[in-house]
Structure formats: structure tokens, C-alpha cells
Amino acid sequence: MSATRSRRRVGWGLTRLTVVATSLLALLIGLAFSVLLWAISDTREAAGARKQVRAALFESGHLERLVLDVETGERGFLITKQERFLQPWESARAAFPGQAEELLRDTEGSPELRTLAHGITRDAESFIQDYSVPLVDAARQGDPAASSVETTDEGKRRVDALRAQFDRFEMDARSLLAAREQAAEDKLQLAIDAATAGLAGSVALVVAYTGYLTRAVVQPVRKAASVASRLAGGDLSARMPQTGGGEIGELAVAFNAMGDSLEESHRLTEVAHRRLKLLYDASVAVGTTLDVRRTAQELVQVVVPGFADFATVDLAVSVVRGDEEPPGERATMSRVAVGGIRDAPPLHPEGALVTWAPITPQARSFVSGLATVEPDLRASAAWQSADPEGARRILDHGIHSLITAPLCARGVPMGVVTFWRSRQPRPFEAAELSYAAELAAKAAVAIDNARRYTRERDTALTLQRSLLPQRLPAQSALEIASRYLPAGSQAGVGGDWFDVIPLSGARVALVVGDVVGHGIHASATMGRLRTAVRTLADVDLPPDELLTHLDDLVIHFTGDEEADMAHGDAAAFGELGATCLYAVYDPVSRRCTLATAGHPLPVVVAPDGIVELVKGPIGPPLGLGGLPFETIELHLAPGSVLALFSDGLITSRGRDVDQGISALCRALALPTASLEETCDTVTDALLDGRPADDVALLVARTGALSPDRVVTWDVTADPVQVAHARTLATDQLHAWGLAEVEFITELVVSELVTNAIRYGAPPIQLRLIRDRALICEVSDGSSTAPHLRRARVFDEGGRGLLLVAQLTQGWGTRQTASGKTIWCEQTLPGSV
């Protein structure tokens with residue numbers, strides 16, 4: 001009866017708690033969603049107000065451009081007296097009234113902005129009607145006062161006053177926009193805080209109620225099931241309580257004695273089994289990687305806690321570095337691995353340098369090559385005398401015995417492994433020396449393999465990294481980020497590479513390549529190919545022609561390798577197959593021309609986020625010869641992202657090329673704040689740990705030179721046109737504010753245009769590009785390229801190109817489809 005009443009009380013309590021908790025949970029969630037709905041409604045109203053202010057900002061900017069078009073057209077007409085300058089003037093006058101009405105309409109909701117808008121439209125209308133129109137009419141009638149300084153200053157004063165009003169309007173509008181956005185953010189934050197508090201209260205309520213159920217119901221049931229399971233499963237640690245008397249007490253004594261006997265037999269069997277399993281685990285788990293430190297850590301992980309409570313591995317410093325020279329008897333040791341059942345043992349930490357005294361067990365094992373046991377460290381006076389303070393800390397920590405075993409491979413001692421016991425009360429015995437020696441022998445072979453691999457890999461990595469670009473060159477056509485990840489497989493580093501090469505005319509070449517094979521040979525071949533590509537790029541060859549020359553070069557490399565093999569140099573022979581993608585981007589025309597020799601085509605991310613793999617012909621890999629390479633031409637909008645990569649990024653054992661391309665496109669479609677973050681996103685998405693093959697990734701965002709920074713003129717093949725070309729160039733320099741380079745530019749233009757007229761063929765064209773440097777180009781229809789020579793004392797000619805070379809930062813010639821282009825670059829004032 002009492003048990004029934006207890007169950008009823010528990011049931012009534014759980015029911016009541018369930019009803020109360022459910023009601024509170026519903027109330028908290030309802031409040032949280034109510035506050036969120038209120039915040040969303042208020043945010044929507046604030047968004048409408050912000051939209052109106054942004055529209056006013058846009059209209060004011062448009063109105064300001066119309067005023068500037070009026071002033072610019074008027075000034076051009078006054079200076080040149082040419083009616084074509086009045087075309088933008090007329091257009092701006094016609095568009096001004098409608099634009100002013102749009103501005104006033106967009107500021108109806110903001111009294112302060114509307115007042116400023118009225119002032120702007122009034123003053124701008126006055127400027128046009130009271131100043132600009134009369135001035136243009138006077139200039140048309142030939143009134144000289146229209147071009148006077150007083151008149152010009154009056155126009156400048158009016159325009160400056162209008163600009164000040166526009167600046168104030170923009171400042172006030174942005175302040176109003178910021179205030180409204182801040183108010184919306186504050187309300188939204190308040191709603192989020194309230195909702196978070198409600199949800200947090202709901203979670204806390206659920207957790208508290210779950211804890212109550214666990215303590216009241218789950219734990220008692222679990223304890224009962226655990227006791228039943230142990231008894232049914234033959235758990236020998238289960239004992240009967242010896243509280244009964246008579247036959248029950250005798251039965252408990254007999255049962256417990258039998259359990260003790262069975263437990264001891266089971267313990268001895270487990271010890272033998274653990275030792276056999278330990279040797280097996282060591283043969284499987286130690287040496288999974290070709291890394292010296294990782295191999296030592298694997299040995300520690302295998303022996304702790306089954307064989308020892310703590311384990312340390314000390315290797316000679318020369319072994320850790322990968323040197324071949326055998327260490328001496330008193331060699332300095334580096335602790336490469338330490339581990340145990342507890343953290344922070346009183347042992348030398350990992351990375352510490354250790355020199356063992358000759359009387360220590362570690363030194364004796366290292367010199368003799370035999371395992372040594374110290375069953376009782378407190379009784380070992382020799383062990384304690386080497387370092388009394390350190391020995392005291394070890395003993396106070398509870399460590400009572402040790403075994404040391406040498407790490408030897410190919411008869412050369414490399415280090416010592418030490419096994420320590422503290423929690424296990426039984427000390428090490430002499431019978432366990434064989435287990436320790438066998439464990440150390442297995443680990444020593446793996447450590448020696450890792451050491452030799454580390455030496456070769458470090459050598460190859462050093463060579464490869466020295467051949468890759470240390471920093472990308474400065475240029476304005478592309479924003480570039482890159483990643484290079486060496487292979488993590490046992491094959492070693494490969495021959496992937498990338499490069500960024502500035503070309504003439506503000507163009508930039510992007511290169512990605514891959515050499516077949518791994519190791520030092522592949523790295524050296526990669527360096528030769530990269531140097532060859534840079535040399536051919538300096539000649540300014542088109543991509544298909546450059547790959548053709550590079551293909552011939554690889555064929556010559558292969559012939560040299562086979563010749564060395566024929567003379568008995570087996571190390572010199574290796575596969576020289578390689579792939580290469582060469583792309584040239586022109587920020588003036590916004591075109592990218594590329595060709596590929598067996599290399600995957602790049603991926604393009606448009607400014608609107610659309611990701612596409614470039615479609616086109618893929619030529620044969622380098623070294624086959626006889627097959628043509630075709631050019632692919634792309635028109636890239638400013639802000640497009642071009643991703644070039646090696647096949648190690650997209651292929652793996654569990655993924656083919658098509659799957660890798662799809663994964664790459666998905667990763668590139670993710671929004672990122674910068675190209676560096678894009679590189680990280682791509683590598684994180686496609687690579688799991690260290691890649692099986694080298695990975696080269698080059699990501700470039702395209703830029704474009706605005707039309708006002710590029711000027712082109714057609715030049716008639718008449719020597720009289722040289723003076724006109726100089727005038728055109730100097731006028732453009734004044735328009736760009738580059739009067740400081742006017743003298744040199746006049747000389748350069750004069751020499752290049754004169755040579756084109758005298759030695760070239762029509763059509764002749766002069767182009768100026770304002771980039772990081774001032775680029776001057778003269779093109780003509782002749783394919784004959786000039787060469788630099790030094791004129792003799794009495795020669796009348798031959799000094800033109802020498803003069804250009806001495807006055808400019810650089811010069812060169814590139815062939816075009818219709819002839820050639822001679823270019824030169826000048827450093828701009830203030831540029832670095």
C-alpha cells in the first residue's frame with residue numbers, strides 16, 4: 001500500500017512538473033517570436049526610409065555630374081571655339097530640370113535635405129541661366145570678354161560653391177542614413193537579445209527538466225541493469241557481501257575465494273595477451289608516416305599505458321636533422337616524444353636538449369646497444385647521483401622503475417627509448433627486457449627510414465621553393481592570390497609551379513604547369529621550364545607560339561637525358577613529360593588569350609557570381625612534338641575571377657576530374673571577402689589534410705584601365721605628322737597632370753614615330769597608356785623589328801633607340817597580327 005502511494009506521488013509530481021514546464025516553454029517561445037515580429041516590422045519601415053535617402057544621394061550625384069558637364073562643355077568651347085564641346089553642354093542643360101525635380105521629390109520625407117536640395121537646384125539653375133548661357137552666347141558672337149580671366153574665375157567660384165553645397169548635401173544625407181541605420185540596428189539588436197533570452201530560458205528549462213528525469217528515473221534503472229549485466233556476463237570482480245551467517249556466509253566465502261582464483265588466472269592470461277598484442281600493435285602502428293617525430297610519438301602511444309606508465313624517446317640532434325653522420329658516444333640528444341598516463345610528468349619536456357651522464361642507464365644502453373633495467377630507482381645510487389634534484393622529483397611523482405633500450409639501425413646508434421612505471425605497482429623485470437628491445441628495434445627501422453626520407457624531402461622542398469616565385473610582381477591589371485601545397489605522400493614533392501609575369505602594354509601573363517614525377521629531378525626540371533617560360537615571355541610571343549617553343553625545348557631536354565643514360569648516368573634519366581597553361585590578360589581590351597599543353601583549363605567566376613569552366617581545345621602535353629597548340633580568347637568583365645590550378649587540386653583516389661571540377665566550381669561560388677580567403681575556401685573544400693600530389697592554385701581578379709587612361713591616334717606616314725604627334729602627346733600629358741614628363745615623352749614620341757614613318761609601313765598608330773608607368777606605343781604594318789646599336793661619331797642616324805633606352809625605364813618590340821609594336825615605359829613622378 002505504501003509503495004502504491006509512493007508511485008502515485010511520483011506520477012502526480014512528474015505530471016505537474018510536465019504541465020508547468022510545457023506552459024513556461026510555450027510562453028517563452030511565444031514572447032521571443034512576438035518580439036522578433038515587432039523588430040521585423042520596424043526594420044521594414046526603416047528600410048523604406050533608408051531607400052529614399054539613398055535615392056536622394058544618387059540623384060544629387062547625377063545632378064552634380066550634369067553641372068560639371070555644363071561647366072566642362074562651356075570651358076572646352078571657350079578654349080577651342082569648337083561647337084562639338086557644346087554637345088554635352090546642351091545635353092546637361094536639357095536634363096537638368098528633370099533631374100532637379102527628381103532630387104526634390106526624393107527629399108520630401110526629410111525637411112533638412114529638402115532645404116539643401118532647394119538651395120542646390122536654385123544656385124545650379126542660376127549658374128546655368130545667369131552665367132553659362134550668356135557666356136556661351138557672348139563667345140559665339142566673338143566677345144573677347146567671354147574668355148577673360150575675370151569671367152573664368154567667376155565660373156570657377158560658382159562651380160566651387162555648388163560643389164560645396166553638393167558635398168554638404170551628401171554629408172548630411174549620409175549622416176541621416178547612418179542615424180536611421182543605427183536606430184534600426186539598435187531595435188533589431190534589442191529584439192535579438194530578447195529572443196535570445198527567451199530561447200536561452202527555454203533551453204535551460206528543458207535541460208533542468210531532463211536532469212530531474214535522469215536522476216529520478218534513468219540512473220536507478222541503469223544501475224540495476226549494470227549489476228545484472230555484470231553478473232550475467234561473468235564479471236569476476238563481482239563479489240557477494242559477506243554479511244550473512246551460517247550456510248549463506250560459507251557460500252559467500254567459497255564464492256569469493258573461487259572468484260579470487262579465477263581473477264588471478266585471468267590476470268596472468270591478460271598479461272601474456274597484452275604483451276603479444278603490444279608487439280603486434282607496434283609492428284602495425286609505428287612507422288605509418290615518414291616523419292621522425294611522428295614515428296617516435298607513435299611508439300609512445302603504443303606502449304602507454306599497456307607496457308609503461310610513461311615513455312620518452314631521445315634522438316641524437318644529427319638524426320633529427322636528417323644527417324648521415326653517426327652520432328658520437330656523448331652526442332647531444334633531443335627529446336622528440338614524451339607521453340604518459342598523466343600530464344606534466346617530472347621528465348624533460350618534448351623539444352628539450354639532453355646530455356646523459358655516462359653512469360645513467362640511457363648512456364649505457366646507447367653505448368652498449370643493449371637494453372637495461374632499473375627495477376628499483378630508490379635503491380639505485382648510480383642513477384640518483386647523475387642528477388640528484390631531478391631524481392628526487394621523479395621519485396616524488398611516484399615513478400619507481402625503468403627500462404632503457406637503444407634505437408639502432410644498420411648498426412648505427414640513433415637514440416634511446418625509456419619506459420617508466422609509476423601507477424603499476426609491479427616493477428620492471430629482467431624478463432621484460434626482450435619486449436623492450438624488440439619494440440625499440442621495430443621503431444628504430446621506421447625512424448631511420450623517416451630520417452632518410454626527411455633528408456631527401458627537405459632537399460627537394462628547398463630546391464623547389466627556391467625556384468617558385470617568392471613574391472608576386474606589382475602590377476595593376478590583376479589582383480592575385482596564390483597557394484602552393486607540396487605533396488604529403490611518400491612520393492615526395494613534385495614539379496608543380498605557377499608564375500605571374502608582367503608584359504608590355506600593362507598586360508600580365510599567368511602561368512601554371514606540372515612536371516611528371518616527384519623528387520629533386522622533378523623540381524629541377526620545373527625550374528628549367530619556369531626559366532624558359534620567363535625567357536620566352538620576354539620576347540612577347542602569343543600563347544600558342546610560346547607553348548610551341550616550350551614543347552621543342554622539352555624535346556631537347558629529353559634528348560639530353562637519353563644521351564646521359566646511354567653514357568651510363570642512370571640517375572640523370574627520368575620522364576620529362578609536363579603540362580603548361582599560359583594566359584595573357586590585357587586590361588585595355590579586357591581580353592584574356594590563353595593556350596594549354598595538356599593542362600586543365602581555368603575556371604571563370606563572373607562578377608554576378610556565375611561560375612563556368614572555360615571551354616576550348618586542350619593541346620597535347622609538352623614533349624610530344626609535331627602537334628599544334630590552339631588559342632582560346634575570352635572577354636572578361638572587370639571584377640571577374642580567373643582560377644588556374646594544377647590537377648592535384650581536383651583529382652584524388654576517391655574523386656575523378658569531373659567531380660573535382662564540380663567541387664571547385666561550388667567552392668568558387670561561395671562568397672568571400674578577399675582572394676586570400678577564396679584560396680583558403682577552395683583548399684579547405686577540396687583537400688583533406690596534406691594532398692597526395694602537389695597543388696598549385698593561382699586566383700586572379702581582373703581589372704580594367706578606364707578609357708580616360710588610354711589614348712590612341714592614327715598617324716599618317718608623313719614626316720610632317722611627327723610634330724603633330726608630339727603636340728597630341730603633350731596635350732594629353734597636360735590633361736593627365738603629367739607635365740613633368742613632357743620633355744622625355746616628346747623625345748620618345750618623336751623618335752618612335754619618325755622610325756615608324758621612315759622604316760615601317762602604314763597603318764601607323766600612336767598609343768599612350770597611363771598605368772603604374774607611362775607607356776608609349778607606336779605600331780606600324782611592318783614586321784621588321786628594330787635593334788639597338790651605337791652610332792659612330794660622324795653617323796647621322798642610329799641614335800634614336802639608344803636615346804629611348806637611356807631615357808625610359810624599359811623598351812621592347814612585340815609582333816602583332818598586322819605588324820609590330822615598339823613600346824617604352826617611363827616612371828611616373830611620385831611612383832615607387
Side-chain angles (χ1 to χ4, degrees), residues 464 467-469 482-487 491-501 509-519 521-537 541-558 561 574-584 592-603 613-632 642-652 655-658 660-661 664 686 691-700:
Q464 188 176 43
L467 296 175
L468 288 171
S482 63
R483 290 291 184 274
Y484 174 77
L485 302 175
V493 296
D496 291 18
W497 93 93
F498 65 89
D499 210 345
V500 178
I501 308 172
L510 302 176
V511 191
V512 175
D514 187 2
V515 176
V516 173
H518 294 82
H521 181 80
S523 298
T525 303
M526 176 270 289
R528 298 165 73 183
L529 291 181
R530 178 172 177 258
T531 302
V533 170
R534 277 194 162 266
T535 302
L536 294 172
L541 295 176
D544 54 340
E545 294 185 21
L546 184 142
L547 291 182
T548 301
H549 286 283
L550 196 62
D551 184 47
D552 295 338
L553 186 63
V554 173
I555 293 174
H556 290 311
F557 286 168
T558 304
E561 296 284 349
E575 294 183 0
L576 281 181
T579 64
C580 182
L581 171 67
Y582 185 82
V584 177
C592 179
T593 306
L594 60 93
T596 176
H599 202 84
L601 290 170
V603 174
L613 177 68
V614 174
K615 304 295 183 182
I618 299 178
L622 299 173
L624 297 182
L627 298 175
F629 299 100
E630 298 186 36
T631 299
I632 304 172
L642 190 66
L644 290 73
F645 52 89
S646 59
D647 58 359
L649 180 67
I650 58 174
T651 58
S652 63
R655 183 175 61 205
D656 58 22
V657 174
D658 293 335
I661 291 294
L664 175 61
L686 275 76
D693 193 7
D694 283 16
V695 172
L697 174 64
L698 190 62
V699 181

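FYI, the numbering just counts along the sequence from 1.
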Original post:
With distance as the sole test, does His599 use its side chain to make a donor-acceptor pair with the main-chain N or O of Phe645 at under 3.5 Å?
Top reply: yes
**OP:** Could you tell me the separation between the CG atom of Leu541 and the CG atom of Leu536, rounded to the nearest 0.5 Å?
**Re:** 6.0 Å
Original post:
If you look at every heavy atom in Leu601 and Lys615, which pair is closest and at what distance?
Top reply: CD1-C, 4.1 Å
Subject >> Check: Gly623 main-chain N/O paired with Asp551 side-chain donor or acceptor under 3.5 Å >> reply: yes
Subject >> Closest heavy-atom pair and its distance - Pro543, Val584 >> reply: CG-CG2, 4.2 Å
Subject >> Heavy-atom side-chain proximity of Phe629 to Leu546 below 4.5 angstrom >> reply: no
Original post:
Between Ser646 and Asp496, is a side chain to side chain donor-acceptor pair (under 3.5 Å) present by the stated rule, with each step listed?
Top reply: CA-CA 7 Å; Ser646 59; Asp496 291 18; 2.8 Å; yes
Original post:
Is the backbone of Ile650 close enough, under 3.5 Å, to the side chain of Arg655 for a donor and an acceptor to pair up by distance?
Top reply: yes
Original post:
Just how far is it from atom CG of Asp514 to atom CE of Met526, taken to the nearest 0.5 Å?
Top reply: 10.5 Å
**OP:** Report yes if some heavy atom in the side chain of Pro602 is under 4.5 Å from a heavy atom in the side chain of Val614; otherwise report no.
**Re:** yes
Original post:
Between OG1 of Thr535 and CZ of Arg530, what distance do you get to the nearest 0.5 Å?
Top reply: 10.5 Å
**OP:** For the residue pair Leu642 and Cys592, establish whether any side-chain heavy-atom pair is separated by less than 4.5 Å.
**Re:** yes
Original post:
Can you check whether Cys580 reaches Leu547 side chain to side chain, under 4.5 Å on heavy atoms?
Top reply: yes
Subject >> Value rounded to 0.5 Å, distance of CD1 in Ile661 from CG in Leu649 >> reply: 8.5 Å
Subject >> Gap between atom CZ of Arg528 and atom OG1 of Thr525 - 0.5 Å precision >> reply: 6.0 Å
Subject >> Side-chain heavy-atom pair Trp497, Val533 within 4.5 angstrom cut-off >> reply: yes
**OP:** Working to the nearest 0.5 Å, report the span between CG of Leu594 and CG of Asp544.
**Re:** 10.5 Å
**OP:** Check Leu581 against Pro600 and note the closest heavy-atom contact, atom names and distance.
**Re:** CD2-O, 3.9 Å
Original post:
Can you name the closest pair of heavy atoms from Leu698 and Val511 and give their distance?
Top reply: CD2-O, 4.2 Å
Original post:
Going through the distances and angles, do Leu644 and Phe498 end up as a side chain to side chain contact (heavy atoms under 4.5 Å, CB included)?
Top reply: CA-CA 9 Å; Leu644 290 73; Phe498 65 89; over 6 Å; no
